[in-house]
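Written out below as structure tokens is the structure these notes cover.
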Amino acid sequence: MLTSFFSKSRPITFVIVALYISVFFVIANFSEALESGFLFSLRKLGVLALLLLSVFLLNFVSKRNELTTRNAYKTILYAAFACMFLAALQNDAAILANLLVLLALRRIISLRSQRDTVQKIFDATFWIGIASIFYFWSILFLFLVYFGILVHEGYRFKNWLVPIVAFLVLFSIVTSLDLLITDSFFTFSDWFVAANFDFSLYREPVILIPLALLLALTVWASFFYLGVIQKASANTKTSLFIILLFILLSMTVAVFAPTKNSSELIFFFAPLAIIVTNYFQVSDDKWFREIILWLVLLLPFILMLFF
């Protein structure tokens, strides 16, 4: 059974996940690569490497911080969610920003150790700041940093000032680079991208069908996830709450995103994969889990063939 195969984290499962996501990435970018030539293909190869890195980073963060047990559900779910939306696999900036946000998430969750706190807050803010340069509305994930400070080190006033310092350092670096390269200052207008609330493309079946599935999974799995949080240890409970905030912020980013073609949903996939994985771990209904996993894995093929 498919759920049994992915119930353990083994090298072969990572190979399958990498092949799965690579096939759809190539399909999503193939026609443009043919028209654009070698340099475009080389750039896309680098973006694919970043996408695969985000899969392994998700697995590392989940296992290291006990967000899930040692299984491959989260990685195959994350890959399948991404492959449902080919526009997400075509948006280089969103893929890079998503990886940077996951790097920030790693540092935020590690605040629970209460070691090197200032460095971790600085790093998390710095990663999110860089992500916002490529995808402006990912700046909203800064709330994750402040939530991490609140629950772990909120009693120290200086910790609340670290994100401001991190942004000032990042601004100084970006402005210096801008002066060297373009002989102009980096301004707010260079950074800011206005929100867009035109959801007309969401009526297209190729977006509506997988989005409806993901929202249904979110609602269903969240009930079980809340039960997991209640039974978790104090340290793990905080980390699991951070994932809940992560998924809420991901939805907010999607709402404010300037382009509504489904690529804005990429930030949603990692926290949802963790939440659904927790449902798989606690559910006793093995046949229902099997159906869900098959549906999630086959839907990208169905969408590609019929829509």
Side-chain angles (χ1 to χ4, degrees), residues 9 53-71 73-75 78 97-132 138-173 222 224-253 267-275 277-278 281-282:
S9 182
L53 183 58
S54 70
V55 175
F56 294 113
L57 182 59
L58 170 64
N59 182 66
F60 174 79
V61 171
S62 299
K63 288 197 299 184
R64 181 71 177 268
N65 299 285
E66 300 175 339
L67 301 176
T68 66
T69 56
R70 291 179 176 273
N71 58 60
Y73 292 139
K74 53 196 167 291
T75 51
Y78 175 79
N98 181 58
L99 175 63
L100 294 169
V101 170
L102 288 176
L103 287 169
L105 177 69
R106 172 178 169 268
R107 299 300 272 171
I108 294 165
I109 293 178
S110 69
L111 285 172
R112 69 182 188 175
S113 70
Q114 297 189 344
R115 293 195 301 267
D116 303 320
T117 301
V118 171
Q119 183 64 51
K120 290 173 181 177
I121 296 170
F122 183 93
D123 291 348
T125 307
F126 198 78
W127 288 128
I128 291 171
I130 297 174
S132 70
S138 60
I139 192 66
L140 294 177
F141 290 111
L142 193 59
F143 284 107
L144 281 177
V145 178
Y146 278 108
F147 182 76
I149 296 172
L150 177 66
V151 297
H152 291 301
E153 293 280 345
Y155 58 90
R156 293 182 177 172
F157 178 72
K158 68 175 184 178
N159 291 332
W160 296 91
L161 301 178
V162 174
I164 299 172
V165 175
F167 260 97
L168 289 174
V169 171
L170 178 62
F171 177 75
S172 300
I173 294 171
S222 291
F224 294 87
Y225 188 73
L226 291 173
V228 171
I229 291 176
Q230 288 181 338
K231 296 175 183 177
S233 63
N235 264 347
T236 305
K237 187 175 293 188
T238 303
S239 301
L240 294 173
F241 267 120
I242 287 173
I243 299 303
L244 269 185
L245 180 58
F246 189 3
I247 202 167
L248 291 173
L249 290 172
S250 299
M251 293 178 181
T252 309
V253 170
F267 303 99
F268 185 59
F269 304 149
L272 181 58
I274 291 171
I275 290 173
T277 295
N278 275 275
Q281 291 171 182
V282 300

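We use all heavy atoms of the structure for the numbers below, so side chains are in, but hydrogens, waters and symmetry mates are not.
For the pair Ile243/Leu105, a side-chain contact is recorded, criterion being any heavy-atom separation below 4.5 Å from C-beta on. For the pair Ser138 and Ile128, the minimum side-chain heavy-atom distance is 4.5 Å or more. Between Arg112 and Thr238, every side-chain heavy-atom pair lies at or beyond the 4.5 Å cut-off. Counting heavy atoms from C-beta outward, Val169 and Phe122 have side chains that approach closer than 4.5 Å. The closest side-chain heavy-atom distance from Ile139 to Phe167 is below 4.5 Å. The side-chain heavy atoms of Thr125 and Val162, taken from C-beta on, include no pair separated by under 4.5 Å. Side-chain contact between Phe268 and Val253: absent, with no pair of heavy atoms (C-beta onward) separated by less than 4.5 Å. Side-chain contact between Val101 and Trp127 is absent, with no heavy atoms from C-beta onward closer than 4.5 Å.
Within the 3.5 Å criterion, the main-chain N or O of Leu67 finds a donor-acceptor partner in the side chain of Asn278. Formation of a donor-acceptor pair under 3.5 Å by the Asn71 side chain with backbone atoms of Tyr73 is found in this model. Side-chain atoms of Thr75 never come within 3.5 Å of backbone atoms of Asn59 as a donor-acceptor pair (strictly under, hydrogens ignored). With Thr236 contributing its side chain and Ala232 its backbone, the two residues share no donor-acceptor pair below 3.5 Å. Remark: side-chain polar atoms of Gln281 are not paired, donor with acceptor, to backbone N or O of Thr68 under 3.5 angstrom.
Nearest approach of Ala273 to Leu58, heavy atoms of both residues: CB-CD2, 4.3 Å. Heavy-atom minimum distance, Ile242 versus Leu144: O-CD2, 3.6 Å. Here the closest heavy-atom approach between residue Ala124 and residue Ile108 is recorded as CB-CG1, 3.7 Å. Between Ile109 and Ser239 the shortest heavy-atom distance is CG2-OG, 3.4 Å.
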- Query: Can Arg106 and Leu57 be said to form a side-chain contact (heavy atoms from CB on, under 4.5 Å), step by step?
  - Reply: CA-CA 9 Å; Arg106 172 178 169 268; Leu57 182 59; 4.3 Å; yes

- Task: Decide yes or no on side-chain contact (heavy atoms from CB on, under 4.5 Å) for Phe126 and Ile173, but give the supporting numbers first.
- Result: CA-CA 11 Å; Phe126 198 78; Ile173 294 171; 4.0 Å; yes

- Worked check of side-chain contact (heavy atoms from CB on, under 4.5 Å) between Val118 and Ile121: CA-CA 5 Å; Val118 171; Ile121 296 170; 5.8 Å; no

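With rounding to the nearest 0.5 angstrom, the OG atom of Ser110 is 10.5 Å from the CD atom of Gln119. In this structure, CG on Asp116 lies 10.5 Å from CG on Leu111, to the nearest 0.5 angstrom. In this structure, Leu140 CG and Met251 CE are separated by 14.0 Å, a value rounded to the nearest 0.5 Å. Separation of atoms CD1 (Ile274) and CG (Leu244) is listed at 10.5 Å; rounding is to 0.5 Å. Taking CZ of Phe56 as the start and OH of Tyr78 as the end, the distance is 11.5 Å to the nearest 0.5 Å. Leu102 contributes atom CG, which lies 9.0 Å from atom CG of Leu53 (distance to the nearest 0.5 angstrom).
Summarising the local packing, CZ of Phe143 is surrounded by 12 or fewer heavy atoms from other residues, nucleotides or ligands at distances under 6.0 Å.
Under the 3.5 Å distance criterion, with hydrogens and angles disregarded, a donor-acceptor pair is assigned to the side chains of Lys120 and Ser113. Counted by atom type alone, Lys74 and Ser62 present zero donor-acceptor pairs between their side chains at under 3.5 Å.
For an aromatic pair to be called close, the ring centres must be under 6.0 Å apart, and Phe246 with Phe141 satisfies this.
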